[in-house]
Each structure stands twice: as structure tokens, then as C-alpha cells.
Amino acid sequence: MRELSEIARLEEKYFSDAWSEKSLEETFDYDVNHLLMEKRDGRVVGYIIYSDVQGEAELLRIAVDKAYRRRGIGADLMESMLEELTDSGAERISLEVRAHNIAAVKLYKKYGFVDIFVRENYYHNPEDDALIFQKIF
């Protein structure tokens, strides 16, 4: 899938623990993992990757190219994912996020996610706590 190389490039730009194209390919070897993308001008400008296993979902990755932020792309991706999860009968979804990623925290709270746990000093490069969020359907 050509889009995976574009997603890998976005990963490299925005994540200190970027997933390679190979790891992305391996992620989708499992039918429990799902990808939603937003394209503009023929290229991927945003994506969301999530898993859905027997009613338990996890948001694994979400990113929007900086040049396309504040245009509702992240919100559209979240809404599409939540709709798919509702349709599949998911009972809950969880995620982890850097405590200092204020934009992401605001997005998750907007969609009803609740902060349920803190993993102190979980992230490195730069060091940060991980906030664990959950949403019950």
C-alpha cells in the first residue's frame, strides 16, 4: 500500500518513537487493526490507527500534517473511528498520550475520553508522563 510510506514519513516527522513502514505493514497483518486516512491533493495528510478486539479498542496512533492542522481533520478522523467502533459493538476504547501534548488531550476530552491513570516518566526524548484515557460507549 503506497500510503504506508507516506504515513511512515509523517511518523518520522511527528513521533520520537516513529513506526517504520515495515512496522506499519506488520500492524495491518492483523485484521483487528484498522487505518483511516485523510488525503488532500493526492497525499495522506492525516491518519488514525486503532485496534478493536472483542469490544475492547485502543487508539494506537493519530497524526495530522502541521500544514493541515486546525481544519477539522483530526476531528473527522476521531468521529469516523468512534462511529466504526460503535457499529462494531465496542464497549470501550483506551489510549495513552504525552501529558504535555495539550492539543491531543483537548481533542480526546472533546470526544468524552476521561483521564484514568498516569504513567510517570514513561516517555523519553523528551521525557514526559503518559496519560491513560478511556471512553466507555
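Count residues from 1 along the sequence.
- Between Asp65 and Tyr14, some side-chain heavy-atom pair lies under the 4.5 Å cut-off.
- A continuous path of Ile, Leu, Val, Met, Phe, Trp and Tyr side chains, each step under 4.5 Å between heavy atoms, connects Met81 with Val64, placing both in one hydrophobic cluster.
- In this structure, Asp52 contributes its side chain and Val32 its backbone to no donor-acceptor pair below 3.5 Å.
- Note that NZ of Lys22 and CG of Leu4 are 12.5 Å apart. Values are rounded to the nearest 0.5 Å.
- Across every non-hydrogen atom of Tyr111 and Glu79, the tightest pair is OH-OE2, 2.6 Å.
- For Glu26, the CD atom counts as densely surrounded, since its 6.0 Å shell holds more than 12 non-hydrogen atoms of other residues, nucleotides or ligands.
- For the atom pair His34 NE2 and Phe28 CZ, the distance stands at 9.5 Å (nearest 0.5 Å).
- With respect to Glu6 and Lys39, no salt bridge is recorded, no charged nitrogen being found less than 4.0 Å from a carboxylate O.
- To the nearest 0.5 Å, the span separating CD on Glu11 from CD1 on Ile49 amounts to 6.0 Å.
- One distance of note links CG of Leu107 with CZ of Phe113; it measures 8.5 Å at 0.5 Å rounding.
- Interatomic distance, Ile48 CD1 to Ile62 CD1, rounded to the nearest 0.5 Å: 4.0 Å.
- Both tests hold for Arg61 against Phe15: distance to the six-membered ring centre under 6.0 Å, angle to the ring axis within 45°.
- Across Glu38, Met37, Arg9, Arg2, a single residue satisfies side chain to side chain contact (heavy atoms under 4.5 Å, CB included) together with Val44, and that is Met37.
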Hey, mind stepping through Tyr122 and Glu96 against side-chain contact (heavy atoms from CB on, under 4.5 Å) and telling me if it holds?
-> CA-CA 10 Å; Tyr122 180 77; Glu96 72 180 41; 3.0 Å; yes
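- Judged by distance alone, the side chain of Arg98 and the main-chain N or O of Ala104 form no donor-acceptor pair under 3.5 Å.
- Each of Leu59, Leu85, Leu82, Val114 was scored for a side chain to side chain contact (heavy atoms under 4.5 Å, CB included) with Lys135, with one residue passing: Leu82.
- When the side chains of ILVMFWY residues are joined at heavy-atom separations under 4.5 Å, either directly or via intervening members, Leu77 and Trp19 end up in two distinct hydrophobic clusters.
- Within a 6.0 Å sphere centred on CG of Asp31, other residues, nucleotides and ligands contribute 12 heavy atoms or fewer.
- Cluster membership check: Tyr30 shares its hydrophobic cluster with Val53, using side-chain heavy-atom separations under 4.5 Å among Ile, Leu, Val, Met, Phe, Trp and Tyr.
- Using modelled atom types and a 3.5 Å distance limit, the side chains of Tyr50 and Glu84 yield a donor-acceptor pair.
- Counting only heavy atoms from C-beta outward, the side chains of Leu131 and Tyr108 never approach each other to under 4.5 Å.
- With hydrogens and angles disregarded, no donor-acceptor distance shorter than 3.5 Å links the side chain of Asp128 to the backbone of Tyr123.
- Atom CD in Glu56 sits 7.5 Å away from atom CD in Gln134 (nearest 0.5 Å).
- In this structure, Val105 and Phe133 have side chains that are in contact, with non-hydrogen atoms separated by less than 4.5 Å.
- Note on Val45: it clusters hydrophobically with Met78, by side-chain heavy-atom contacts below 4.5 Å among ILVMFWY residues.
- Remark: the backbone N or O of Ser16 is not paired with any side-chain donor or acceptor of Asn125 at under 3.5 angstrom.
- Across all non-hydrogen atoms, the minimal contact from Ala8 to Ser20 is CB-C, 4.2 Å.
- Leu35 has its side chain within reach of Ile7: a pair of non-hydrogen atoms, C-beta onward, lies under 4.5 Å apart.
- Side chain of Arg119 to main chain of Ile132: no donor-acceptor pair is present (N/O by atom type, distance under 3.5 Å, no hydrogens or angles).
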